[in-house]
Amino acid sequence: MQAVILAAGKSTRTYPLTINKPKVLLRVANKPVLEYNLDALNGLVDEVVLVLGFKKEMVMEYAKKYSERTGLKVKFAFQEEQLGTAHALLCAEKFIDSDFLVLMGDDIYHPRDLENLIENKYSVLARKEKNPQRFGIWITENSKVTGFQEKPEKPLSDTANCGAYCLGKEVFQEIKKLKKSPRGEYELNEAVAGYAEREDVKVCMVEGYWLSIGYPWDVLNANEFFLSKIKETRIEGQVEKNATLKGPVRIGKNTLVRNGAYIEGPVVIGENCAIGPNCFIRAFTTIGSSCRIGNAVEIKNSVIGDSTNVGHLSYVGDSVIGDKVNLGGGTITANLRHDGKNVKSIIKGEKIDTGRRKLGAVIGDAVHTGIHTSVYPGRKIWPEKTTLPGEIVKKDIV
C-alpha cells in the first residue's frame with residue numbers, strides 16, 4: 001500500500017507563520033505536523049509520496065532525515081504551479097502502482113482512521129458537523145458517496161469531508177476530466193464524486209481524531225489536544241532544587257530550569273533552553289529548543305518557536321510565537337477583549353471570528369519587539385518586523 005500526502009500549497013490563511021516555511025513544518029507540541037502523519041502511516045504503508053511545491057527543499061530535507069531514522073520509504077513529486085488538490089495528486093500519478101491513501105498535509109489524522117480507510121478499500125474519511133456550511137460536504141446514501149457540495153449555503157448533509165481517502169488508480173481518469181472550479185482550481189473532491197459513480201466509495205466516520213490547521217490559532221487547538229495526552233513527567237535536563245514542577249512536564253536534554261521557576265503541566269520544553277529564574281510557565285505551553293525565558297516571565301497556553309527569547313517581566317498568553325523571535329523586556333500580549341466576546345483577526349483582508357474568547361498574538365520568525373511593547377488580542381506581526389519601545393500594536397504589522 002502507498003500513500004500520497006499533498007503538501008505543495010503556500011498557505012496564506014496561516015500567515016505570518018507560513019510566510020517563510022511550509023505549513024507541514026509548523027510544530028505542534030514540538031513536533032512538525034508532517035511527522036504526525038508520517039508516524040501514523042509508518043507500518044500501514046510501504047511508501048509515501050510527498051507532493052511538494054512551496055519551500056520544497058525544507059520539506060525534502062526533513063523527510064529524508066525522517067526516512068533515515070525510521071526506515072519509511074519516501075519519494076517526492078512536484079507541483080510547480082498550485083492548481084488545486086486534484087492537480088496536486090495528478091503530479092504523483094507516475095509513482096502510483098496500486099490502491100493508495102491520500103492525505104491533506106495540513107491536517108493531522110489518527111492511525112486508526114487511516115487503517116479503517118484501507119480496510120474499507122475505496123473510502124473517504126468524514127465527520128458529522130453542526131455547521132456543515134463551513135465545510136466540504138459528502139452527500140451519502142447507505143454510507144456511500146453519491147455527491148459532494150463545497151461549503152454550501154443549504155447543505156444536503158452534515159457529513160464533512162476530512163481530506164483523507166483510499167482510492168484506486170482509476171481516479172486519475174476522473175481528474176483528467178475535470179474543469180476548473182469557480183476559484184480556478186481542479187478539486188479532488190469533484191474527482192472522487194465522479195469516481196464514486198463507477199465504484200462504491202464508503203464513508204468512514206472519524207473514530208480517533210482529525211485536527212485541521214487552517215488558521216494560526218488552530219496551532220493552539222492542536223497543541224492543547226496533544227499536550228492533554230501527556231500523563232507522565234520526563235526530565236532529561238536539569239531542574240534546580242527550588243524550582244517547582246506540577247503535573248506532567250517534559251524537559252529536553254541540556255535544558256536548565258532555574259530556582260523559582262513554577263511549571264504547571266502539561267508543558268513541553270525542548271532541548272538547550274534556559275528557563276527562569278522566577279518565571280511561571282502555565283498549562284498547555286510548548287517551548288521549542290534553544291529558548292531563553294527570563295526572570296518574572298509568565299507564559300500561558302502558548303507555542304514558542306526554537307531559538308526564541310522572552311525577556312524579563314513579559315507576559316505571553318494564548319499566543320503563537322515563531323522561531324528566532326526576541327521579545328523585549330516587559331512585552332505584553334493581551335489575550336482577552338474588554339467585552340469578553342470572541343477575538344477577531346484579519347485573514348486575507350477580512351475580519352473573521354476566531355471562535356476563541358482568548359487569543360493573544362501571532363508573531364512570525366525573527367521579530368524583535370522593543371521593551372514594554374503591548375499587543376492587542378488577535379494581532380499578528382510579520383517575520384523580521386520590529387516595534388519601538390513602548391509601542392502599542394493595535395493593527396497587524398505587515
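Since the model is a prediction, treat every value here as computed from it, not as a measurement.
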Student: Between Trp138 and Ala126, which heavy-atom pair has the shortest distance, and what is it?
Tutor: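 Distance-wise, the nearest heavy atoms are CD1-CB, 4.2 Å.
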
Student: Can you give each donor-acceptor pair under 3.5 Å made by side-chain atoms of residues 194-213, sequence neighbours left out, with the distance rounded to 0.1 Å?
Tutor:
from, atom 1, to, atom 2, distance (Å)
Tyr195, OH, Gly168, N, 3.1
Arg198, NE, Glu174, OE2, 3.4
Arg198, NH2, Gln173, OE1, 3.3
Arg198, NH2, Glu174, OE2, 3.1
Asp200, OD2, Lys144, NZ, 3.2
Glu207, OE1, Asn116, ND2, 3.3
Glu207, OE2, Asn116, ND2, 3.4
Trp210, NE1, Asp107, OD2, 3.0
Trp210, NE1, Cys162, O, 3.2
Ser212, OG, Asp107, OD1, 3.0

Student: Provide the closest heavy-atom pair for Leu245 versus Val239 in the form atom of the first, atom of the second, distance.
Tutor: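 Closest heavy-atom pair between Leu245 and Val239: CD1-CG1, 3.8 Å.
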
Student: Kindly say whether Gly378 contributes a backbone atom to a donor-acceptor pair with the side chain of Ser345 at under 3.5 angstrom?
Tutor: yes

Student: To the nearest 0.5 Å, tell me how far Ile137 CD1 sits from Glu150 CD.
Tutor: 9.0 Å

Student: Following the transitive rule for hydrophobic clusters with a side-chain heavy-atom cut-off under 4.5 Å over Ile, Leu, Val, Met, Phe, Trp and Tyr, establish whether Ile275 and Val303 coincide in one cluster.
Tutor: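 Not linked; separate clusters.
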
Student: Under 4.5 Å between side-chain heavy atoms, hopping through other hydrophobics if needed: is there a path connecting Val102 to Ile175?
Tutor: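 Yes; Ile175 is reachable from Val102 via cluster members.
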
Student: Is the closest side-chain heavy-atom distance between Leu90 and Tyr186 below 4.5 Å?
Tutor: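 They are not in contact (no side-chain heavy atoms under 4.5 Å apart), so the answer is no.
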
Student: Arg379 side chain to Lys394 main-chain N or O, any donor-acceptor pair under 3.5 Å?
Tutor: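 Yes, the answer is positive, given that a donor and an acceptor are paired below the 3.5 Å cut-off.
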
Student: Restricting to non-hydrogen atoms, name the atom on Ser11 and the atom on Thr18 that form the minimum distance, rounded to 0.1 Å.
Tutor: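 Where Ser11 meets Thr18 most closely, the heavy atoms are O-OG1, 2.7 Å.
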
Student: To the nearest 0.5 Å, what is the distance between CD on Gln149 and CD on Gln133?
Tutor: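 Result: 11.0 Å between the selected atoms.
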
Student: For a 4.5 angstrom cut-off between non-hydrogen side-chain atoms, does His368 reach Thr386?
Tutor: yes

Student: Is Phe226 reachable from Val24 through a run of I, L, V, M, F, W or Y residues, each pair having side-chain heavy atoms under 4.5 Å apart?
Tutor: no

Student: Is there a donor-acceptor pair under 3.5 Å between the side chain of Lys231 and the backbone N or O of Ser228?
Tutor: yes

Student: Would you name the heavy atoms of Gln2 and Phe95 that are closest together and state the gap between them?
Tutor: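 Answer, listing the atom of Gln2 first, then Phe95: NE2-O, 2.8 Å.
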
Student: Indicate the atoms forming the closest heavy-atom contact of Pro132 with Ser157, along with that distance.
Tutor: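 Answer, listing the atom of Pro132 first, then Ser157: CB-O, 3.5 Å.
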
Student: Nearest 0.5 Å please: distance from the CG atom of Asp396 over to the OH atom of Tyr15.
Tutor: 13.5 Å

Student: Checking side chain to side chain contact (heavy atoms under 4.5 Å, CB included) for the pair Ile118/Leu101: CA distance, chi angles, key distance, verdict?
Tutor: CA-CA 7 Å; Ile118 294 172; Leu101 288 173; 3.8 Å; yes

Student: Closer than 3.5 angstrom, by distance alone: can the side chain of Arg258 be matched with the main-chain N or O of Gly276 as a donor-acceptor pair?
Tutor: yes

Student: Heavy atoms only: give me the nearest Gly322-Thr308 pair and the separation to one decimal.
Tutor: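 So the two residues come closest at O-OG1, 2.7 Å.
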
Student: Okay, side chain of Asn342, backbone of Asp353: is any donor-acceptor separation there less than 3.5 Å?
Tutor: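 Checking the backbone N and O of Asp353 against the side chain of Asn342, no donor-acceptor pair under 3.5 Å is found.
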
Student: Using a distance-only test with no angle check, is there a side-chain donor-acceptor pair under 3.5 angstrom linking Asp218 and Asn221?
Tutor: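 Looking only at side-chain atoms, Asn221 and Asp218 do form a donor-acceptor pair, the distance falling under 3.5 Å.
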
Student: So does Asn142 have more than 12 non-hydrogen atoms from other groups sitting under 6.0 Å from CG?
Tutor: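 Atom CG in Asn142 is not packed in, count stays at 12 or less.
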
Student: Honestly curious: do Leu327 and Val362 fall in one hydrophobic cluster under the side-chain, below-4.5 Å linking rule?
Tutor: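 No, separate clusters.
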
Student: Kindly determine whether Leu220 and Val320 satisfy side chain to side chain contact (heavy atoms under 4.5 Å, CB included), including the steps that lead there.
Tutor: CA-CA 7 Å; Leu220 295 177; Val320 185; 3.7 Å; yes

Student: More than 12 non-hydrogen atoms from neighbouring residues, nucleotides or ligands closer than 6.0 Å to CD on Glu119, yes or no?
Tutor: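 Yes - once you tally the heavy atoms of other residues, nucleotides and ligands closer than 6.0 Å, there are more than 12.
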
Student: Are the side chains of Leu50 and Leu34 in contact, using a 4.5 Å heavy-atom criterion?
Tutor: yes

Student: When you measure from the side chain of Ser319 to the backbone N and O of Gly317, does any donor-acceptor pair fall under 3.5 Å?
Tutor: yes

Student: So do Pro377 and Asn335 actually touch side chain to side chain, heavy atoms under 4.5 Å?
Tutor: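 No; the side chains remain at least 4.5 Å from each other.
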
Student: Is any side-chain heavy atom of Val28 closer than 4.5 Å to one of Val33?
Tutor: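 Val33 vs Val28: side chains touch.
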
Student: Taking the side chain as everything from C-beta on, heavy atoms only, tell me whether Val267 gets closer than 4.5 Å to Leu227.
Tutor: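 A side-chain contact under 4.5 Å is absent here.
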
Student: Measuring from Thr286:OG1 to Asn301:CG, what's the distance to the nearest 0.5 Å?
Tutor: 9.5 Å

Student: Given side chains that start at C-beta, do those of Ser307 and Asp323 come closer than 4.5 Å, heavy atoms only?
Tutor: no

Student: Anything under 3.5 Å between a donor and an acceptor, one on a side chain of residues 53-63, the other on a protein residue two or more places apart or in another chain? List them.
Tutor:
from, atom 1, to, atom 2, distance (Å)
Tyr62, OH, Glu35, OE1, 2.0

Student: Do Leu41 and Ile5 come close enough that some side-chain heavy atom pair is under 4.5 Å?
Tutor: yes

Student: Quick check against the 3.5 Å criterion: does Thr354 have a side-chain atom that pairs as donor or acceptor with the backbone of Val343?
Tutor: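 Checked: pair present.
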
Student: Nearest 0.5 Å, please: how far is CG in Leu388 from OG1 in Thr373?
Tutor: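 Result: 8.0 Å between the selected atoms.
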
Student: Have Thr146 and Glu141 got a donor and an acceptor in their side chains that come within less than 3.5 Å?
Tutor: no

Student: Would you compute the distance between atom CG of Leu117 and atom CG of Asp99 and round it to the nearest 0.5 angstrom?
Tutor: 12.0 Å

Student: Measure from the side-chain N and O atoms of Ser290 to the backbone N and O of Asp306, and report whether any donor-acceptor pair falls under 3.5 Å.
Tutor: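 No.
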
Student: Please report the C-alpha distance between Thr159 and Thr140 in whole Å, then the side-chain angles of each, then the deciding distance to 0.1 Å, and finally whether the side-chain hydrogen bond (donor to acceptor under 3.5 Å, both in side chains) criterion is met.
Tutor: CA-CA 8 Å; Thr159 305; Thr140 67; 4.7 Å; no

Student: If you count every heavy atom of other residues, nucleotides or ligands that lies below 6.0 Å from Lys128 atom NZ, does the total exceed 12?
Tutor: yes

Student: For the residue pair Lys246 and Tyr262, would you count it as a cation-pi contact if the rule is NZ or CZ under 6.0 angstrom from the ring centre and within 45 degrees of the ring axis?
Tutor: no

Student: May I ask you to decide if Met1's main-chain N or O and Asp46's side chain share a donor-acceptor pair within less than 3.5 Å?
Tutor: yes

Student: Would you confirm whether Thr85, through its side chain, and Glu187, through its main-chain N or O, come within 3.5 Å as a donor-acceptor pair?
Tutor: no

Student: Answer yes when Lys358 and Asp318 have at least one side-chain N-carboxylate O distance shorter than 4.0 Å, and no when they do not.
Tutor: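 Here Lys358 does not pair with Asp318 in a salt bridge, since their nearest N and O are not under 4.0 Å apart.
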
Student: Given side chain to side chain contact (heavy atoms under 4.5 Å, CB included), test Arg250 with Asn30 step by step and report yes or no.
Tutor: CA-CA 11 Å; Arg250 292 185 177 176; Asn30 273 351; over 6 Å; no

Student: Applying side chain to side chain contact (heavy atoms under 4.5 Å, CB included) to Phe148 and Leu188, what does each step give before you reach the verdict?
Tutor: CA-CA 11 Å; Phe148 181 79; Leu188 179 56; over 6 Å; no

Student: Do the side chains of Val192 and Val4 join up, straight or via other hydrophobic residues, at under 4.5 Å, putting them in one cluster?
Tutor: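 Yes: a chain of side-chain contacts under 4.5 Å links Val192 to Val4.
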
